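Note that this is a predicted model, so its numbers are computed, not measured. The residues of the chain are indexed from 1 along the displayed sequence.
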Amino acid sequence: MEKTPLFLLFFSLHILLAPSTAIAAAASCSIGVNYGFWADNLPPPAQVAAFLKTHTTIDRIKIFDANPDVLRAFANTGISVTVTVANADVPSLAKLPAAQAWIANNILPFHPQTTIRYILVGNEVLYWKDKTVIAYTLPAMKTLHHALHLANLTDIRVSTPHALSFLAASEPPSTGMFRRFDAAILRPILDFHNRTKTPFMVNPYPFFGFRPETLDYAVFRPNRGLYDKATRKNYTNMFDEQMDAIYIAMKKLGNYEGVEIVIAETGWPSAGDPNQPGVSLENALSYNGNVVKHVNSGKGTPLMPNRTFETYIFALFNENLKASVSERNYGLFKPDFSPVYDVGVMRSTPAPANGGTPGKAPPSGDSPAPAEKKWCVPRPEASDEALQRNLDYVCSLGVDCRPIQSGGPCFSPNTVRSHASYAMNAYYQSHGREVYNCDFEHTGVLTSSDPSYETCSYPVEGSKMLEQKSVVKAAASSVSARLVGLTVQQMVVATCFVVSVLFHLV
């Protein structure tokens, strides 16, 4: 089944694993999370570390201080930790002796037993507009970088995260430009990153940039997209738009497009105040779930193709002491470790709930019943114009539309509604089978009645999709021998590719 996509998979794996292939991207098939503490009901850090290690694929966390309890808890877990210097403490670290003392007190007692990945100097300092903190941010970055090298800790890198308020323009991405005051601060910071090979960290939040008419665009659902006339690039989601606007702004400021970009924060709340636009569990799952897939896929953005982005989802837990309802509901997990929703980071062992112990699976009787088969079809009131847009969108993504082409088993009846029905269902079945995968700007609906007819068979989980997965898994097995002898970097990139393909078929 699906001969052309499988041929492309084999071909891509062949190219990927060829000894002569130059693999330049430093890929990571993983996701990070921001671990905050604005709550009075969170589990102890040791339980959090054990839970993340045994129940999730999360392999890096970012905290907003240098909490010794967290650093101690994550020792020997294989989960790296990014620590932060509080904004108020930044000016005191501009002198080398103070920076060395900070390293001695906050890093040396824990590293390398605890893998410390980054030291962040402040958080969104330009956004908070404290002129003293802003003035001392780069000097503190330089002294900490120097202090790390003096302590022979060259594997720990220094950066500072930025809110996207530093952009004067971002839509379309070709207009991307830093605000004049911020540009004067950012140019020497980018010089530092360029010289030290450290990442420029940004916090893109489409949640703060969407309008009611662009909600689907913001959360990766089918939409009309955005065409940038200056670059002749099409955008299907706001995340790519924001990232490319940053890229253009960096390029305009001084050809800094070669500096690595890390996403220090991004997320979407699952609950909010009554009638707060765009806030729902469905939208949070759609945004965060698609971000996890997207940043690990290697697809990159229209202006930064074939790139992965190290990313930290905001946040690990819902935090009940924050000011607003939406701020309290950014978490992937509740404090009892039960998922608010799963963005694809859970291992096969379920997360403990109701005070359960990490590592202990629930009784077999708690296993969920098999899900009812469902298909995605057009709503009766959907117009042909809207359905044609759905059809064009789905087929442009690489979903197999051959059955509805001339000579295919689903070509007749040759109508927009019939063809769109098949394409919309194919998209729904291959992109996670969540309710939002069948929304299509409110023109799709789920049904438990099989719409297949005569020789036209609509794919559904449990039949053709499983056949495809079996073939793809066999393809992965058939090339496993070729993984022997690869460099670590080649191994990571190859594994990411296979996982990304399999993940999109699950």
Side-chain angles (χ1 to χ4, degrees), residues 33-42 64 123-124 127-129 161-167 170-171 202-226 235-243 245 263-294 311-336 338-345 432 434-446:
V33 292
N34 285 268
Y35 178 11
F37 289 87
W38 283 81
D40 59 11
N41 57 354
L42 297 182
F64 295 90
N123 185 50
E124 299 185 337
Y127 172 81
W128 294 108
K129 296 181 173 65
H162 303 278
L164 263 61
S165 56
F166 62 17
L167 289 174
S170 62
E171 185 181 337
V202 296
N203 298 343
Y205 276 93
F207 175 69
F208 296 119
F210 85 93
R211 303 181 297 275
E213 63 270 23
T214 61
L215 177 59
D216 287 339
Y217 179 63
V219 298
F220 290 83
R221 283 198 289 260
N223 61 87
R224 298 183 182 216
L226 174 79
Y235 289 84
T236 60
N237 63 83
M238 191 176 291
F239 177 86
D240 281 353
E241 175 192 312
Q242 292 184 347
M243 292 296 290
I263 299 156
E265 285 183 35
T266 192
W268 197 285
S270 61
D273 294 311
N275 302 318
Q276 185 174 1
V279 179
S280 70
L281 189 147
E282 179 185 8
N283 290 337
L285 174 58
S286 182
Y287 177 76
N288 285 325
N290 279 292
V291 163
V292 171
K293 294 179 185 179
H294 189 50
T311 300
Y312 295 80
I313 297 293
F314 189 88
L316 178 56
F317 291 113
N318 283 338
E319 299 172 61
N320 66 351
L321 296 182
K322 289 195 169 181
S324 68
V325 177
S326 61
E327 288 178 308
R328 296 194 290 267
N329 286 278
Y330 272 89
L332 300 180
F333 296 96
K334 299 174 184 177
D336 66 357
S338 59
V340 179
Y341 49 87
D342 181 16
V343 294
V345 299
E434 300 289 350
V435 173
Y436 58 80
N437 294 130
C438 185
D439 183 79
F440 291 96
E441 295 182 314
H442 311 301
T443 62
V445 65
L446 290 176

Q. From Glu434 CD over to Leu446 CG, what is the distance, rounded to the nearest 0.5 angstrom?
A. 10.5 Å
Q. Counting only N and O atoms by type, is there a donor-acceptor contact under 3.5 Å from the side chain of Ser286 to the main-chain atoms of Val219?
A. yes
**Q.** Side-chain donor-acceptor pair present, Asn283, Arg221, cut-off under 3.5 Å
**A.** yes
(Q) For Arg328 versus Leu321, what's the shortest heavy-atom pair and its separation? (A) CD-N, 4.4 Å
Q: Would you tell me whether Asp40 and Asn320 have side-chain atoms, one donor and one acceptor, within less than 3.5 Å of each other?
A: yes
Q.
Is it the case that the side chains of Thr266 and Tyr287 hold a donor-acceptor pair, with the cut-off being a distance below 3.5 Å and no angle test?
A. yes
Q: Fit a plane to each ring of Trp268 and Phe207, take the angle between them on a 0 to 90° scale, and name the class: parallel (under 30°), tilted (30 to 60°) or perpendicular (over 60°).
A: perpendicular
Q: Would you sort out whether Phe220 and Asn288 count as a side chain to side chain contact (heavy atoms under 4.5 Å, CB included), showing the intermediate values?
A: CA-CA 9 Å; Phe220 290 83; Asn288 285 325; over 6 Å; no
Q) Can a donor-acceptor pair be found between the side chains of Glu282 and Tyr341 at a distance below 3.5 Å? A) no
Q: Starting at OG1 of Thr214, measure out to CD of Glu241 and round the result to the nearest 0.5 Å.
A: 8.5 Å
Q) Closest heavy-atom contact between Pro204 and Gln242? A) CB-OE1, 3.4 Å
(Q) Please report the interatomic distance OH(Tyr217) to OH(Tyr235), rounded to the nearest 0.5 Å. (A) 8.0 Å
Q: List the atom of Tyr312, the atom of Asn34, and the distance in Å for their closest heavy-atom pair.
A: O-ND2, 3.3 Å
Q: Any chance you could lay out the side chain to side chain contact (heavy atoms under 4.5 Å, CB included) test for Leu164 and Phe208, step after step, and finish with the verdict?
A: CA-CA 10 Å; Leu164 263 61; Phe208 296 119; over 6 Å; no
Q: Please check if the side chain of Glu327 supplies one atom and the backbone of Ser324 the other of a donor-acceptor pair under 3.5 Å.
A: yes
(Q) Testing the basics here: between Phe333 and Pro339, what is the closest heavy-atom pair and its distance to 0.1 Å? (A) CD2-CA, 3.7 Å
Q | Sequence-distant partners of Glu124, salt bridge (charged side-chain N to carboxylate O under 4.0 Å, His left out), two or more places apart | A | none
Q: Carefully, step by step, assess Gln276 and Val325 under the rule side chain to side chain contact (heavy atoms under 4.5 Å, CB included).
A: CA-CA 10 Å; Gln276 185 174 1; Val325 177; 5.6 Å; no
Q | Gap separating the CG atom of Leu285 from the CG atom of Leu332, nearest 0.5 angstrom | A | 10.0 Å
Q. Roughly how far, to the nearest 0.5 Å, is CG of Leu226 from CG of Asn237?
A. 10.5 Å
Q. With distance as the sole test, does Ser326 use its side chain to make a donor-acceptor pair with the main-chain N or O of Pro269 at under 3.5 Å?
A. no
Q. Excluding sequence neighbours, so at least two apart, what forms side-chain contact (heavy atoms from CB on, under 4.5 Å) with Asn275?
A. none
Q: Determine, using ring centers only, whether Tyr35 and Phe37 are less than 6.0 Å apart.
A: yes
Q: Applying side chain to side chain contact (heavy atoms under 4.5 Å, CB included), run through His294 and Phe239 and close with a yes or a no.
A: CA-CA 10 Å; His294 189 50; Phe239 177 86; 3.9 Å; yes
Q. What are the two closest heavy atoms between Gly267 and Tyr330, and how far apart are they?
A. C-CE2, 3.9 Å
Q: Please examine the side chains of Arg224 and Glu441, heavy atoms only from C-beta on, and report whether any two atoms are closer than 4.5 Å.
A: yes
Q | Residue pairs, two or more places apart or on separate chains, that pass salt bridge (charged side-chain N to carboxylate O under 4.0 Å, His left out) and touch residues 312-323 | A | Glu319-Lys322
Q. Of the non-hydrogen atoms in Asn203 and Pro161, which two are nearest, and what is the gap between them?
A. OD1-CB, 4.0 Å
Q. Can you tell me how far CE of Met243 sits from OG of Ser170, rounded to the nearest 0.5 angstrom?
A. 13.0 Å
Q. Do the non-hydrogen side-chain atoms of Asn318 and Val340 ever get within less than 4.5 Å of each other?
A. yes
